[in-house]
Amino acid sequence: MNERDSEIMSQSLSMHGYVEGMDLESADLVILNTCSIRAKAEQKVMSLLGMLRKVKLAKPDMQICVAGCVAQQEGEHLLERMPHVDLVVGTQNIYNIGELLDLARTRPGYVAVAMQENYDIPRLMPARNEKISERLQAGDDVKLSKSAVFRKFVTIMQGCNNYCAYCVVPYTRGREISRKVNDIIEEVKVLVESGVKEITLLGQNVNSYGKTNIVTENGLPCSFADLLHKVAETEGLARLRFTTSNPKDLSDELMRSFRDIPSLCPQFHLPVQAGSDAVLKRMNRKYSVAQYLDLVDRLREYCPEIALSTDIIVGFPGETEEDFQGTMDLLDKVRYHGSFSFKYSDRPGTRASDFSDKVTEEVKTARLMRFQSRQDEISLERNREYIGRVKDIMVEDVGPESLKGRTDTNHIVHLHEHVVAKPGDFIDVEIYHAGQHSLKGKIV
Ligand code: SAH
Ligand code: SF4
């Protein structure tokens with residue numbers, strides 16, 4: 001989501017005549033787009049801002065802007081700690097970044113973090129990137145992440161209304177709002193026409209798309225599954241993905257989409273957070289372990305090939321050894337292809353930050369290590385299941401004697417041979433080796 005927000009700012013700024021720079025020395029403007037989901041992400045911003053203070057002393061005309069969730073959360077307070085910041089831009093205000101920077105030029109220390117009650121996601125269309133994709137196809141060494149040209153994010157929702165007890169998102173990104181169907185379809189069309197092959201639809205909980213506001217011109221409802229079907233009709237779109245989903249709202253209709261939509265990749269990130277009903281209840285997640293496991297079974301019935309991944313929080317306040325064992329058991333039952341796991345981190349304003357029975361840092365670290373080492377074993381076993389199989393990969397990077405690509409299941413595949421192919425091409429490879437985080441293949 002931040003990556004897409006950065007793109008939006010950069011696009012909006014290019015309309016104001018700004019050009020993306022490559023290094024700090026030549027930059028007239030530095031924007032830090034920030035994340036505050038865990039304390040560590042926020043600490044990184046603060047230390048980077050500290051470093052920028054020195055740069056600004058030598059270059060007083062350089063503007064420093066802080067955007068994203070830390071900006072939203074801290075507002076004015078950020079300036080108390082970091083007086084050299086010229087502009088603080090909240091999550092709903094990034095679309096006006098050009099005007100706001102102009103304001104900040106005459107009034108340094110400008111803060112724009114107002115949130116609107118009835119916020120509508122603006123209709124900013126992506127700039128066509130045909131020139132870049134053409135140059136890449138022609139073999140030019142464009143200074144860009146090459147896969148970024150062919151894989152794009154499209155925002156379909158903003159904010160969240162779920163208030164999971166640990167989570168800062170409803171406070172930093174505001175109320176849940178779904179973007180208009182037509183705007184989404186148009187944006188996807190523009191991207192695909194300019195050479196994009198893979199689209200990932202983005203929202204904090206895409207399962208509740210279209211539930212809190214009207215998204216169609218005729219006022220008729222449009223579920224997330226309906227939206228997927230519509231987007232999938234875009235001619236030339238090879239791969240469709242989405243992220244992320246709260247299991248509590250996962251409909252049968254959406255699960256069936258994995259069977260019915262050929263371009264919908266057999267890959268699903270379904271964050272479970274914990275394998276104990278007591279912890280899930282205190283987290284306010286609104287599903288039980290048994291209900292979650294039932295969803296996993298049904299998903300695999302509709303799409304046996306599906307690769308599942310998840311998010312886990314260890315050491316949520318009050319998590320006992322038995323609760324944590326529940327998470328380990330769940331891991332062995334589902335056998336995820338991969339997971340993102342985190343130590344619980346107190347966030348300001350959230351309900352869990354007031355819970356009294358905090359788990360110690362030592363226990364959290366030990367549990368995280370136990371979880372991650374078991375996940376690594378399972379990932380390796382899962383990856384070995386691909387050995388001997390032929391997979392279609394989308395090429396991301398080509399070297400003289402190597403190639404990197406990605407499967408529909410979102411596995412990275414490395415080839416160590418000379419292949420005549422360009423980024424964005426699809427090629428068949430036979431998998432002959434599996435590591436924990438990637439596969440090796442040879443051209444068929
Ligand atoms: N909307 C998504 C989650 C977005 S946040 C969902 O509901 O699944 C991404 C992940 O960060 C979460 O799934 C959670 O595992 C983790 N996370 C969020 N708040 C956290 C906190 N306070 N401490 C540790 N991890 C947290
Ligand atoms: Fe946070 Fe829960 Fe919303 Fe996900 S669903 S963004 S975890 S509050």
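Atoms within each ligand, like the ligands themselves, are counted from 1 in listed order. By convention here, the first residue in the shown sequence is residue 1.
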Only heavy atoms of [X], strictly under 4.0 Å: list the atoms of ligand 1 that pass.
X	value
Pro271	8 (O)
Tyr344	23 (N), 24 (C)
Gln273	8 (O), 12 (C), 13 (O), 14 (C), 15 (O)
Arg347	22 (N)
Arg38	11 (O), 16 (C), 17 (N), 23 (N), 24 (C), 25 (N), 26 (C)
Lys343	23 (N), 24 (C)

Could you check [atom] against the protein and tell me its nearest heavy-atom contact, residue, atom and distance included?
atom	value
atom 7 (O) of ligand 1	Arg285 NH1, 3.2 Å
atom 5 (S) of ligand 1	Ile37 CD1, 3.5 Å
atom 19 (N) of ligand 1	Tyr166 CD1, 3.2 Å
atom 1 (Fe) of ligand 2	Cys167 SG, 2.3 Å
atom 5 (S) of ligand 2	Asn162 ND2, 3.4 Å

**Asked** Could you state the interatomic distance from CG (Asp5) to OG1 (Thr91), rounded to the nearest 0.5 Å?
**Response**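 Rounded to the nearest 0.5 Å, the CG-OG1 separation comes to 8.0 Å.
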Quick one: do Arg256 and Asp252 satisfy salt bridge (charged side-chain N to carboxylate O under 4.0 Å, His left out)? Show the steps, please.
CA-CA 6 Å; Arg256 278 199 308 274; Asp252 204 65; 2.9 Å; yes
Who gets closest to [atom] by heavy atom: [options]?
atom	options	result
atom 13 (O) of ligand 1	Thr350, Asp311, Asn162	Asp311
atom 21 (C) of ligand 1	Pro170, Ser345, Ser36, Ala352	Ser345
atom 4 (Fe) of ligand 2	Met1, Arg285, Arg347, Arg173	Arg285

*asked:* Closer than 4.0 angstrom, basic N to acidic O: yes or no for Glu187 and Arg179?
replied: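 Result for this pair is yes, salt bridge flagged.
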Proximity of [X] to ligand 2 by residue part, where a heavy atom lies under 4.0 Å:
X	answer
Cys164	both
Val169	side chain
Pro271	neither
Tyr166	side chain

query = Aromatic ring centroids of His411 and His337 under 6.0 Å?
reply =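 That pair passes the under 6.0 Å test.
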Review point. Quick check, are the ring centers of Tyr163 and Tyr171 under 6.0 angstrom apart?
Key: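 So the answer is yes for these two rings.
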**Step-by-step side-chain contact (heavy atoms from CB on, under 4.5 Å) determination, Ile312 to Gln375** = CA-CA 11 Å; Ile312 294 284; Gln375 175 66 69; over 6 Å; no
With distance as the sole criterion, is a donor-acceptor pair present between the side chains of [X] and [Y] under 3.5 Å?
X	Y	value
Ser257	Glu253	no
Asp226	Ser223	yes
Arg282	Tyr166	no

Worksheet item: Taking only heavy atoms of Tyr163, which atoms of ligand 2 are found under 4.0 Å from at least one of them?
Response: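 With Tyr163 as reference, the close atoms of ligand 2 come out as 8 (S).
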Distance filter under 4.0 Å to Pro170 heavy atoms, resulting ligand 2 atoms: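 Near Pro170, meaning under 4.0 Å from one of its heavy atoms, ligand 2 has 8 (S).
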Does Ile313 come within less than 4.0 Å of ligand 1, judged by its heavy atoms?
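Ile313 counts as a contact of ligand 1 under the 4.0 Å cut-off.
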ask   = At a 4.0 Å cut-off, with the gap strictly under it, does some heavy atom of Asn246 reach an atom of ligand 2?
value =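 So Asn246 counts as touching ligand 2.
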Side chain, backbone, both or neither: which applies to Phe342 and ligand 1 if a contact is any heavy-atom pair less than 4.0 Å apart?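 The part of Phe342 near ligand 1 is the side chain, not the backbone.
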Requested in this report: Answer side chain, backbone, both or neither: which part of Lys40 comes under 4.0 Å from ligand 1, heavy atoms only.
Outcome: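 It is neither; nothing of Lys40 touches ligand 1.
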Specify whether an N/O/S atom of Cys160 falls short of 2.8 Å from atom 3 (Fe) of ligand 2.
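Yes, within the cut-off.
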